[in-house]
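Everything below concerns the one structure shown next.
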Amino acid sequence: MIASYGKGPSYDNGKAGPCQAQVDPLDAVRTPGDPPWDVYLTGTVFLDIVFTGLGTAPVRGTESWARGMGSSPGGVANMATALARLGLRTSLAAAFGDDHYGEYCWDALEQGEGIDLSPSRRVPGWHSPVTVSMAYEGERTMVSHGHEPPPEAVLVQKGAPDCPPRARAAVASLEPGRRAPWIAQAASNGTRIFADVGWDETGAWDLAGLADLAHCEAFLPNAEEAMRYTGAGCPREAAHALTEHVPLAVVTLGAEGAYAVDRRTGEAAEVPAIEVEALDPTGAGDVFVAGFVTGTLAGWPLADRLAFAGLTAALSVQEFGGSLSAPGWAEIGAWWRKVQSVASQDPAALRRYAFLAGLIPEETAPGWPLRRAVPTIGFGRST
């Protein structure tokens, strides 16, 4: 039994319980024999504390006061939360410290977001990793702290158990020169692997070093990463080159949007970014991947998947924090209704997102949108 300290996201209707998405995007493709989970992922959960409303970057030797703050699970929890809020049944394998921070993150994910944590473990005596993020002028500065994880935490964070739960898809972060055995195991059981990658600190940028790419259905690097790995002169050329190694390549182009190539169908698609005022880019990449995975599992056309991924990422950067800012269907619906109500909208842009019309509920359900941010850990602690 997990003790509840009132630490998870708060609800406008005051009722506790797992967050349920208003829309099941996979409703049309679900069958009785489906895996129990739509998406499985594994990694490290951080406690994120976000300071907002800073006029400038902190100045050495001075004290800065922020006008706002929020706390939420971060790290791999950004991706898990983004997937769950889009209506995907999400299972997460992660290690949680048994300190107050770890309890807060566990409750926020399991009780607040409805994420399955049965593959996760609490590790006695381990201090939860913490990141403090300061957002200002559309940028962010982060400071993190964490103790060396014990062996049992490493096993969970690297994808143990060796036989992960059955899922339609999994999201993996590839590491140069290192295999994650769970990826091959999941792929052999029919799980579709979507992979991203971090910056190659070795400077090698060798695709052969991403051995697990051979088990992946889709690879989603940013433009700089794609060009460095392929030696291509532009992101679009890089996307085509990547399809020699993975069936589906998706390259994010920042303010220009995203470009994708599917080797199996020969299809290519490019969708421009939505212009928004960005407050905090934390977690936007995770939200983009979550949106693309959602559209892929739902069987949408490639261009619709790119458009949906870009939309969810654009909505996320208009709020502060990582998992705090991940949009759900209430936010997507509000955006779509607003776009339709503006007479000056470009008709081509309206057509680009017309596929949303059949997904978004006509009315917002009671209790939505959720008031997700909590400023301080521990309010409402039971005695």
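Basis for what follows: all heavy atoms, side chains included, without hydrogens, waters or symmetry-related copies.
- A donor-acceptor contact shorter than 3.5 Å is absent between the side chain of Thr81 and the backbone of Asn78.
- Connection of Phe292 to Leu26 is established within a shared hydrophobic cluster, with ILVMFWY side chains joined at heavy-atom distances below 4.5 Å, either directly or through further cluster members.
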Would Leu86 and Ile332 count as a side-chain contact (heavy atoms from CB on, under 4.5 Å) here? Give the steps. CA-CA 10 Å; Leu86 292 177; Ile332 295 168; 3.7 Å; yes
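- Between the side chain of Glu103 and the main chain of His100, no donor-acceptor pair closer than 3.5 Å is present.
- Linking ILVMFWY side-chain heavy atoms closer than 4.5 Å, directly or via other members, places Met142 and Val130 in two distinct hydrophobic clusters.
- With Asp304 contributing its side chain and Gly295 its backbone, the two residues share no donor-acceptor pair below 3.5 Å.
- Between Asp206 and Pro176 there is no side-chain heavy-atom pair separated by less than 4.5 Å.
- Distance check, rounded to the nearest 0.5 Å: CE of Met69 to OG of Ser133 gives 11.5 Å.
- With 3.5 Å as the limit, one finds no donor-acceptor pair spanning the side chains of Asn189 and Thr191.
- Residues Glu113 and Thr90 are not in side-chain contact: their nearest non-hydrogen atoms beyond the backbone lie 4.5 Å or more apart.
- Shown here for Ala94 and Val45, the closest heavy-atom pair between the two residues is CB-CG2, 3.7 Å.
- Contact check for Val29 versus Asp34: no side-chain heavy atoms found under the 4.5 Å cut-off.
- With hydrogens and angles ignored, the 3.5 Å screen pairs no side-chain donor or acceptor of Ser323 with any backbone N or O of Ala77.
- The hydrophobic cluster containing Val287, built from Ile/Leu/Val/Met/Phe/Trp/Tyr side-chain heavy atoms closer than 4.5 Å, comprises no other residue.
- Between Ala326 and Arg85 the shortest heavy-atom distance is O-NH1, 2.8 Å.
- Hydrophobic side-chain contacts under 4.5 Å tie Val123 into a cluster, directly or through other members, with Trp126.
- Distance check: Leu242 CG to Thr230 OG1 gives 5.5 Å after rounding to the nearest 0.5 Å.
- You'll find the side chain of Arg30 reaches within 4.5 Å of the side chain of Asp24, heavy atoms only.
- Distance check, rounded to the nearest 0.5 Å: OG1 of Thr296 to CG of Leu306 gives 8.5 Å.
- Between Thr131 and Ser144, the closest heavy-atom pair is OG1-OG, 2.6 Å.
- Relative ring orientation between His147 and His127 is described as tilted, the plane-to-plane angle lying within the 30° to 60° band.
- Distance CG/Asp116 to CG/Asp38: 11.5 Å, rounded to 0.5 Å.
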From CA spacing to verdict: side-chain contact (heavy atoms from CB on, under 4.5 Å), Leu297, Val39: CA-CA 10 Å; Leu297 295 184; Val39 185; 4.2 Å; yes
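- Between Asp286 and Val171, the closest side-chain pair of non-hydrogen atoms is not below 4.5 Å.
- How far OG of Ser316 is from CG of Leu311: 10.0 Å, rounded to the nearest 0.5 Å.
- A distance of 11.0 Å separates CG in Leu92 from CD in Glu110, rounded to the nearest 0.5 Å.
- Applying the salt bridge (charged side-chain N to carboxylate O under 4.0 Å, His left out) criterion to Arg264, with sequence neighbours excluded, gives Glu217, Asp262.
- Considering all non-hydrogen atoms of both residues, Ala307 and Tyr353 come closest at O-CE2, 3.4 Å.
- Both Phe355 and Ile360 are assigned to one and the same hydrophobic cluster, defined by single-linkage of ILVMFWY side chains at heavy-atom distances under 4.5 Å.
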Could you pull out every donor-acceptor pair under 3.5 Å between side chains of residues 244-260 and any protein atom, sequence neighbours left out?
| from | atom 1 | to | atom 2 | distance (Å) |
| --- | --- | --- | --- | --- |
| Glu256 | OE1 | Arg236 | NH2 | 3.4 |
| Tyr259 | OH | His240 | NE2 | 2.8 |

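- In this structure a side-chain-to-backbone donor-acceptor pair under 3.5 Å is missing from Arg122 to Asp98.
- In this structure, the salt bridge (charged side-chain N to carboxylate O under 4.0 Å, His left out) partners of Glu224, at least two apart in sequence or on a different chain, are Arg228.
- Minimum interatomic distance between Glu237 and Gly233 (heavy atoms only, all atoms of both residues): OE1-N, 3.5 Å.
- Taking the salt bridge (charged side-chain N to carboxylate O under 4.0 Å, His left out) definition, one finds that Asp200 meets it with nothing, sequence neighbours left out.
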Just do the ring-ring contact (aromatic ring centres under 6.0 Å, His included) check on Trp329 and Phe308 with the steps written out, would you? CA-CA 12 Å; Trp329 287 100; Phe308 185 71; 5.5 Å; yes
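- In plain terms, the two heavy atoms of Ala195 and Cys216 that are nearest each other are CB-SG, 3.7 Å.
- Looking at heavy atoms from C-beta onward, Ser72 lies in side-chain contact with Tyr104 at the 4.5 angstrom threshold.
- Counting heavy atoms from C-beta outward, Leu83 and Leu41 have side chains that approach closer than 4.5 Å.
- Taking the side chain as every heavy atom from C-beta outward, Pro164 and Trp37 never approach each other to under 4.5 Å.
- With 3.5 Å as the limit, one finds a donor-acceptor pair spanning the side chains of Gln340 and Trp336.
- The cluster map of Ile, Leu, Val, Met, Phe, Trp and Tyr, joined by side-chain heavy atoms under 4.5 Å apart, puts Val50 and Phe46 in different clusters.
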For Ser64 and Phe51, what are the C-alpha separation, side-chain angles and deciding distance, and is it a side-chain contact (heavy atoms from CB on, under 4.5 Å)? CA-CA 10 Å; Ser64 300; Phe51 289 102; over 6 Å; no
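- The same ILVMFWY cluster, assembled from side-chain heavy atoms under 4.5 Å apart, contains both Val339 and Val276.
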